[in-house]
Amino acid sequence: MSEEKEAEITREALLELREIVFSYEMRGGGRLQVFDGLSLRVRYAEFLGIAGPSGCGKSTLIRIMAGLLKPEKGVVLFRGKPLKKPTPRIGIMFQNPALFPWYTVLENVLLALIHEKELSQEEKIERARVFLDMVGLMGFETAYPAELSSGMKSRVALARALVAQPDLLLMDEPFSDLDPLTAISLRREIETLWQNQSLPPSSVVMVSHDIEELVELCDRIVVLTQRPVKVAGIVEVKLERPRSRRSEEFYKYVDEVYTLLS
């Protein structure tokens with residue numbers, strides 16, 4: 001493939017939000033407007049970060065991108081077609097791993113393959129084991145969530161999000177409940193998986209309050225405003241990987257994001 005064609009594909013949108021309108025009904029009456037005409041593009045083969053004030057609607061945005069919430073107006077396009085419901089082609093990793101305590105590690109991962117009708121049970125188990133090995137959990141297939149550390153639970157959630165081999169991985173504050181060393185390790189694993197073109201996903205969208213984390217991982221960082229949410233600005237992070245948090249250039253990008261947030 002020519003460099004020009006690769007650049008063209010990269011610029012295209014894997015997922016696109018067009019003029020999204022969404023609100024919640026409040027208990028006391030009335031509606032809380034979250035989005036009022038929000039538009040956003042996720043390119044092929046990019047790592048996109050989303051930052052914004054607490055409570056502005058970042059988690060709601062992730063759920064709309066996943067097809068879990070339907071906007072009142074506007075359209076969500078995935079690979080050029082309207083996204084009307086969740087699809088295995090979009091994986092999602094929440095802040096809370098949300099594992100079923102009565103299922104083993106292997107069974108929790110297999111849940112993501114429940115709709116893969118063309119695979120036999122043996123093939124599903126083999127694929128699940130491959131992804132458990134990929135995230136460093138081979139040997140823990142028969143363990144239950146109560147027997148795992150927080151970091152290990154997050155690895156199970158990551159394996160479950162990737163086992164269906166999605167084109168897009170959505171992550172909502174995936175490292176916020178982890179200790180610093182575990183978070184560093186998991187960030188590196190996700191970045192390595194994303195950079196490996198033979199493995200899923202093609203693109204990643206990550207919501208985080210940790211601006212340094214976003215600058216470390218992301219190609220672009222979309223900064224959102226308070227509700228009703230608009231795009232305050234987009235920061236293109238042009239640093240070579242792996243990125244060092246000790247460099248002066250790194251903190252220029254951190255400052256740029258904080259300036260947009262404020």
Side-chain angles (χ1 to χ4, degrees), residues 15-42 46-76 83 86 90-99 150 153-154 157-158 161 168-180 182-183 186-187 190 203-235 237 251 253-262:
L15 183 138
E16 184 175 2
L17 277 62
R18 293 183 181 174
E19 298 294 324
I20 296 299
V21 175
F22 185 85
S23 62
Y24 285 110
E25 186 174 353
M26 300 179 69
R27 289 185 179 180
R31 301 191 70 84
L32 178 65
Q33 194 72 43
V34 183
F35 305 118
D36 189 12
L38 180 71
S39 295
L40 193 63
R41 289 165 58 91
V42 181
E46 83 163 336
F47 205 123
L48 180 71
I50 298 177
S54 294
C56 72
K58 298 185 294 296
S59 294
T60 300
L61 180 60
I62 287 289
R63 285 166 170 78
I64 290 174
M65 287 180 168
L68 296 171
L69 290 177
K70 185 178 180 180
E72 296 162 21
K73 295 182 181 178
V75 64
V76 180
L83 179 67
I90 300 177
I92 186 165
M93 185 177 174
F94 296 106
Q95 179 177 348
N96 184 320
L99 305 179
S150 295
K153 290 177 184 177
S154 293
L158 177 59
L168 176 63
L169 174 63
L170 305 174
M171 299 192 296
D172 187 6
E173 298 279 359
F175 315 119
S176 60
D177 290 339
L178 303 179
D179 66 87
T182 302
L186 198 55
R187 280 199 300 268
I190 289 172
S203 302
V204 179
V205 177
M206 181 175 74
V207 165
S208 179
H209 284 98
D210 188 334
I211 305 306
E212 293 181 9
E213 184 174 87
L214 291 173
V215 174
E216 180 182 346
L217 291 173
C218 299
D219 299 313
R220 293 189 302 147
I221 302 170
V222 177
V223 183
L224 305 177
T225 67
Q226 290 281 10
R227 297 185 305 267
V229 173
K230 302 291 183 184
V231 175
I234 299 177
V235 177
V237 184
Y251 279 97
Y253 286 107
V254 173
D255 289 344
E256 187 176 349
V257 175
Y258 273 119
T259 298
L260 287 170
L261 282 170
S262 61

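Every value quoted in this text rests on a predicted model; they were computed, and no experiment measured them. Position 1 is the first residue of the sequence; numbering continues from there.
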Would you say [X] and [Y] make side-chain contact, with heavy atoms under 4.5 Å?
| X | Y | value |
| --- | --- | --- |
| I234 | I221 | no |
| I92 | I62 | yes |
| I20 | V76 | yes |
| E16 | L40 | no |
| V21 | L38 | no |
| L217 | M206 | yes |
| V42 | F47 | no |
| L224 | K230 | no |

With a 3.5 Å cut-off and sequence neighbours excluded, list the donor-acceptor pairs that the side chains of residues 52-61 form with protein atoms.
from	atom 1	to	atom 2	distance (Å)
S54	OG	H209	NE2	3.3
K58	NZ	G52	O	3.1
K58	NZ	P53	O	3.0
S59	OG	D172	OD1	3.3
S59	OG	D172	OD2	2.6
T60	OG1	Y24	OH	2.9

Can you give each donor-acceptor pair under 3.5 Å made by side-chain atoms of residues 254-261, sequence neighbours left out, with the distance rounded to 0.1 Å?
from	atom 1	to	atom 2	distance (Å)
T259	OG1	D255	O	2.8

Starting at [atom1] of [X], measure out to [atom2] of [Y] and round the result to the nearest 0.5 Å.
| X | Y | atom1 | atom2 | value |
| --- | --- | --- | --- | --- |
| I211 | E213 | CD1 | CD | 9.5 Å |
| S154 | L178 | OG | CG | 4.0 Å |
| F175 | Q95 | CZ | CD | 12.0 Å |
| I50 | E173 | CD1 | CD | 11.0 Å |
| E46 | L168 | CD | CG | 10.0 Å |

- Item | Set of ring-ring contact (aromatic ring centres under 6.0 Å, His included) partners for F35, sequence neighbours left out |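 With neighbours one apart ignored, the set is empty.
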
Show the nearest heavy-atom pair for residues [X] and [Y], with the distance to one decimal.
| X | Y | value |
| --- | --- | --- |
| G67 | P86 | O-CD, 3.3 Å |
| L17 | L15 | CD1-CD2, 3.1 Å |
| L48 | R41 | CD2-O, 4.0 Å |
| Y253 | V215 | CB-CG1, 3.9 Å |
| A157 | L99 | N-CD2, 4.3 Å |

- Steps toward salt bridge (Lys or Arg N to Asp or Glu O under 4.0 Å) verdict (R31, E72): CA-CA 12 Å; R31 301 191 70 84; E72 296 162 21; 3.6 Å; yes

- Query: Just wondering, more than 12 heavy atoms not from K73 lying within 6.0 Å of its NZ?
  - Reply: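 Open.
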
